[in-house]
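Predicted model, so just to flag it, every value in this text is computed and none were measured.
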Amino acid sequence: MTTTVNTTHATASTFGVMVRTGVVAAVAASAATMAVAAAGHAAGVSLDMAGAPIPVAGFGVLTAAFSLLGVVIAALLFRFARRPRRTFVRTTVVLTVLSLVPDVIADAGAATEVLLMLTHLVAAAIVIPAVARRVTA
């Protein structure tokens, strides 16, 4: 007697859960970065870069956009990588470190640069683990 197991449903379900988790994490990261930016601004940190103010909502919009790009990366790795979770974590950690470079060289005060870097790290701390947990090993 032979048995055939259909894993398509489980894989599709896992993929859907990963995407939904990524979207929820992106929303949470957006809210968190706006909260960090608002708290920093309330504490007296300037949100001006190159003489132009960065709106608090701008932190949320850019966080959502780049977080969703991370979900797309996870989806591609889910489909094509031999070890998608490990590849996703390594890729996103490198991208997070690279995202700090423009903050360091920005035309802004030191406190503003630190605040910008903090928002990147907060977003990464929310999105990367949430999505990585849902990407198959």
Side-chain angles (χ1 to χ4, degrees):
M1 177 164 119
T2 61
T3 307
T4 304
V5 178
N6 183 355
T7 59
T8 304
H9 178 67
T11 302
S13 175
T14 304
F15 179 80
V17 169
M18 184 269 301
V19 170
R20 282 190 298 279
T21 300
V23 170
V24 169
V27 170
S30 293
T33 57
M34 288 190 301
V36 168
H41 188 62
V45 176
S46 171
L47 296 182
D48 290 356
M49 182 179 288
I54 305 168
V56 171
F59 285 87
V61 170
L62 288 176
T63 299
F66 284 103
S67 295
L68 293 175
L69 179 60
V71 174
V72 170
I73 290 169
L76 291 170
L77 294 174
F78 186 93
R79 172 71 174 95
F80 297 110
R82 187 176 343 174
R83 294 186 179 114
R85 180 180 298 148
R86 186 171 112 183
T87 306
F88 173 75
V89 171
R90 287 181 176 184
T91 301
T92 53
V93 167
V94 168
L95 290 172
T96 301
V97 171
L98 290 175
S99 78
L100 301 177
V101 173
D103 298 337
V104 172
I105 61 174
D107 182 14
T112 303
E113 291 175 354
V114 170
L115 181 65
L116 292 170
M117 288 187 279
L118 179 61
T119 61
H120 290 215
L121 297 175
V122 165
I126 293 169
V127 175
I128 294 172
V131 174
R133 278 192 298 271
R134 299 298 183 189
V135 176
T136 57

When hydrophobic residues are tied together by side-chain contacts of less than 4.5 Å, even through go-betweens, does L118 share a cluster with L116? yes
Closest contact, heavy atoms only, T87 versus T91: O-OG1, 2.7 Å
Spell out, yes or no, whether L121 and V127 are grouped together once hydrophobic residues are joined by side-chain heavy atoms under 4.5 Å, including indirect joins. no
I need the minimum non-hydrogen distance between S67 and A29, along with the two atoms involved. OG-CB, 4.3 Å
When you group the ILVMFWY residues by side-chain heavy-atom contacts below 4.5 Å and let the links chain together, are V122 and F59 in the same group? yes
Do you know which two heavy atoms are closest between A124 and P129, and how far apart they sit? O-CD, 3.4 Å
Yes or no on side-chain contact (heavy atoms from CB on, under 4.5 Å) for L68 and V72, after CA distance, side-chain angles and deciding distance? CA-CA 6 Å; L68 293 175; V72 170; 5.8 Å; no
If every non-hydrogen atom of A130 is compared with every non-hydrogen atom of A25, which pair is closest and at what distance? CB-CB, 3.9 Å
A81 versus P84, closest heavy-atom pair with distance: O-CD, 3.6 Å
Do T136 and F15 pass the side-chain contact (heavy atoms from CB on, under 4.5 Å) test, and can you show the C-alpha distance, the side-chain angles, and the key distance before you say yes or no? CA-CA 9 Å; T136 57; F15 179 80; over 6 Å; no
Solution key, residues 102-112 side-chain donor-acceptor pairs under 3.5 Å, sequence neighbours excluded:
| residue | atom | partner | partner atom | Å |
| --- | --- | --- | --- | --- |
| D103 | OD2 | H120 | NE2 | 3.4 |
| T112 | OG1 | S46 | O | 2.6 |

Applying a strict under-4.5 Å side-chain criterion to I, L, V, M, F, W and Y, I'd like to know whether V61 and V27 cluster together. no
Shortest non-hydrogen contact between R133 and R85, atoms and distance: O-NH2, 3.7 Å
What do the steps show when you test T96 against I128 for side-chain contact (heavy atoms from CB on, under 4.5 Å), and what is the final call? CA-CA 10 Å; T96 301; I128 294 172; 3.7 Å; yes
Side-chain contact test, heavy atoms from C-beta onward, threshold under 4.5 Å: evaluate it for I73 versus L95 and give yes or no. yes
Checking side chain to side chain donor-acceptor pair (under 3.5 Å) for the pair T63/T33: CA distance, chi angles, key distance, verdict? CA-CA 7 Å; T63 299; T33 57; 3.0 Å; yes
Quick one: do V135 and L77 satisfy side-chain contact (heavy atoms from CB on, under 4.5 Å)? Show the steps, please. CA-CA 9 Å; V135 176; L77 294 174; 5.8 Å; no
Can you check whether V131 reaches M18 side chain to side chain, under 4.5 Å on heavy atoms? yes
Consider only side-chain heavy atoms of I, L, V, M, F, W and Y, link residues closer than 4.5 Å, and tell whether L100 and M49 are in one cluster. no
